[in-house]
Amino acid sequence: MQKTKPYFILITALLAGIVILQIIHIRNINRQSTLILTENWEFREAGKDQWYPAEVPGAVHTDLLSNGLIEDPFYGGNEQSLQWIGYSNWEYRNILHIGSDIFNKKHIELVFRGLDTYAEVSLNGETILTADNMFREWRTGCREYIKEGDNELRILFRSPINEILPVMEKIGYRLPASNDQGEKTSPYTRKAPYHFGWDWGPRYVTSGIWQDVMLESYDEAGIRNIYVKQERLSSSRADLTAEIEIHSLVNTSAKLMIETEDDAGSVTEIGNIELKEGVHEYKVTFSINDPVFWWPNGLGDQYLYSVKTSLVIDDVKVDEASKKIGLRTVELQQEVDEKGKSFKFIVNGVPVFAKGGNWIPADNFVTRITDDKYRWLLQSCRDANMNMLRVWGGGIYENDIFYELCDEMGIMVWQDFMFACSMYPGDEEFLDNVRKEAEYQVKRLRGHPSLALWCGNNEIETAWFHWGWKQSVPETVWDDYKKIFHGILLRVCLEYDSDRSYWPSSPSSNLEEDANSQNMGDVHYWDVWHGEKPFDYYETQFPRFNSEFGFQSFPNIKTVNYYTNKEDHDIESPVMLAHQKHPRGNQLIRKYMLREYPEPKDFESFLYVSQVLQAEGIKIGAEHLRRLMPECMGSLYWQVNDCWPVASWSGIDFFGRWKAMHYYSKKFYDNILVSPDEKNGKISVYIVSDDTEASSADLRIRLMDFSGRVIREYNRRVNVEPLTSKIYHENEVDEWLADTRKEEAFLYIELISEDGEVLSSNFHYFLPMKELDLPFPDIDYKTEETGNGVKITLSVNKLARNVYFRNDHYDGFFSDNYFDLTPGRTMEIEFRTEKNIDIDIFNRNLSVISIVNAFR
Ligand code: BMA
């Protein structure tokens, strides 16, 4: 959409009920002061003498590690010997030097944006705060405890496990918590559930100051929160309300300046308000004419406006805060149809097929996830044509940078509240804590255009009915469930974010049908993997939206080498098993592998084939879901990333290395997908288009043998219809093959645009890999330095499947890998790395194989 200039911003000061448009001269003095306290922290085990330097934000495990007091928690079998840390109490301290500039302020407040978890904060020996929820912000006025000069700030963290054990003793039953790898204390503590262990993660029960600590001080007033609510949006105008929460020490007239900035410059308007003592919200409405919309990845640009709010008292700017906003409508449409109800995201009026995966925290120690790591992982998702991530309920409400990047990159966020695979207590204190957490998080995140949905929890609704939980605890536990997920969280969303949908659980049918009903709501499909069903069972499922399906693989050898020695290189070795958290994981990978492939010849080949197996399997599931559009409108596989180096369902490993599946995602999630489907002796070729406009292209289907000879060919100019999945060609397998043996042929399908660009291509094999007569191809390649990497040009003399390049010297990124290549085609891939490349060293350490090399 094109923006026309000039536009007008109109502000109405609602409080006064009149429209005020005026220009005043402001003396640009910011009287509010905020000190971020990151320096000079120390920590010790409570009761011990010795203090050590600590990092804030941080965690006790990373502090112990950087002081050389423990070994790397991610190496070998170290996890077991480090469990004591979670059973200990920890103390942090800092000396705050308070100068007269702060000391003379009327209001001084300590703000902890996150304390993990049972914390007692004291200042100069006086307890000023107790905290019991990792997901809340804690604030405490400390004017009367602070002195000019040095002040001692101390925080005692009590063990989150020991805190709960006596509580559990008093209760006659155990709340289910299927993933806790020890005493099942996690349901009682508002702390990241995966810290207690998961089926892809270690048990590291952290403590620490995991978000910023600030000292805020002011004389009159400070801005607490700004939220720009979108009231109405059309192509000609956006009506907005800035809701500004202000803490004021005075009753006075004041001005709110709202400065809206876009590429063409900024417009400032001013509204008068009457400030009242205490914390209050002030609303100011304004409009943007001819708005530029924000779109999800693949559908348009992610246009963002900056909105700066300044609070002015007596012509002096006393505080300011900024936000980026994106203008779009998003709706979860659940319309009654002949099957049940749709489950469809509609953005700016366009139905969007959700393509993506489930996101878990990118480290067990989240404070060391750098902005660069977030950027790399999210850019990887964008590059793989994803438009939605589900922030899964067993992790954390992500850091601000995560949502800022999702806004920038057009990745919609399905946001779970942090509850997963457990039942929870229902006492007043716990419920109140949950409500405050939800209020804080909803207010923190609602301004992000990428945020598409709030969801109560992960898998609790289905677990209650199907995992034997109902029989193991009193019925009141279900009442408590309903209080949280059909009561508190719903109400908080309605009150603070009424435009976004709330969904009680994933999967769910909102209690109208079975949680995993395929008629309505979302589905987690685990008969493939947990249920051991073959991959083509994906094609027997017809969900409205699949928010979880997945299959494990091993990370590549470089990553495995991080946590192992050569002698551990056996998937059943104790160290490899310590990094395989699913009790049947190895057995299942092996079982599925041997259905499709011969036995890999060695350890490294096993790792590689496990990735190809995962990629091929999830491709079957994802392409099927996309072919089902519009009956099904989402494919979010389990899982995008890892929190440590491990065998898991991820497509990107802990170090950010793409596994085969992530390379495959880029193809199966591309906006235009050509996808063959063999059923009942017939091959149907679908084209799925997520584009909003039609296009004309050539569909070319060729039956080839493994030497590249074209046996039969079909060509047709097609009109690719927008936002549609449709069969464009159908033929019997027998007619395709005629006299050709299934063992030695395949279909190569391409969709080629009018200007010769391959929009999508796909392969179809008639038999599992182990039954094909695959030849050994020669892979011919040359390399060339490009300035920021190396270009590799390659071709093959016979069909090569899952061509895999690696470089043992340089760590870097191959633009494509694990791909099939037909003879006669020349392909170019790029290798990118941050280091300067010596091409001779690169060449010496470059190797390439195709799948046949894994077996013989
Ligand atoms: C799903 C998730 C996770 C789990 C995964 C693999 O159900 O919600 O709880 O890690 O399965 O078992």
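Both counts, for ligands and for their atoms, begin at 1 and track the order of listing. Any value given below was found using the heavy atoms of this structure, including those in side chains, with hydrogens, waters and symmetry copies removed.
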For Gly394, state whether at least one heavy atom is located under 4.0 Å from any atom of ligand 1.
no

Under a plain distance cut-off of 3.5 Å, with no hydrogens placed, do Tyr75 and Thr564 share a side-chain donor-acceptor pair?
no

Between ligand 1 and Asn179, is the shortest N or O to N or O distance under 3.5 Å?
no

Could you tell me whether His530 approaches ligand 1 through its side chain, its backbone, both or neither, with non-hydrogen atoms closer than 4.0 Å?
side chain

Under 4.0 Å between a Lys/Arg side-chain N and an Asp/Glu carboxylate O for Glu599 and Arg590?
yes

Atom 7 (O) of ligand 1 [closest protein heavy-atom partner, distance rounded to 0.1 Å]:
Glu459 OE2, 2.4 Å

Gln639 to ligand 1, any heavy atom closer than 4.0 Å:
no

Heavy-atom distances under 4.0 Å decide this one: backbone, side chain, both or neither, for Trp526 against ligand 1?
side chain

Hydrogens and angles aside, do Tyr194 and Asn179 bring a side-chain donor and acceptor to less than 3.5 Å of each other?
no

Nearest heavy-atom neighbours spanning Met386 and Ile411
O-CG1, 4.3 Å

Got the closest protein heavy atom to atom 6 (C) of ligand 1, with its distance?
Asp199 OD2, 3.4 Å

Any ion pair linking Asp480 and Lys483 (charged N to carboxylate O, less than 4.0 Å)?
yes

Would one find an N or O of Trp392, backbone or side chain, under 3.5 Å from an N or O of ligand 1?
yes

By ring pair (Phe, Tyr, Trp, His ring centres under 6.0 Å), which residues pair with Tyr608, not counting sequence neighbours?
Tyr804

Between Gln611 and Ser553, do the side chains contain an N or O donor and an N or O acceptor separated by less than 3.5 Å?
no

Looking at Tyr592, is Arg595 sitting on its ring face, NZ or CZ under 6.0 Å from the six-membered ring centre and within 45 degrees of the normal?
yes

For ligand 1, indicate whether the residue Ala420 contacts it via side chain, backbone, both or neither (heavy-atom separation under 4.0 Å).
neither

Under 3.5 Å between some N or O of ligand 1 and some N or O of His524?
no

Protein heavy-atom partner closest to atom 3 (C) of ligand 1 - residue, atom, separation in Å
Trp198 NE1, 3.5 Å

Please report which non-hydrogen protein atom sits nearest to atom 1 (C) of ligand 1, along with the residue it belongs to and the distance in Å to one decimal place.
Glu548 OE1, 2.6 Å

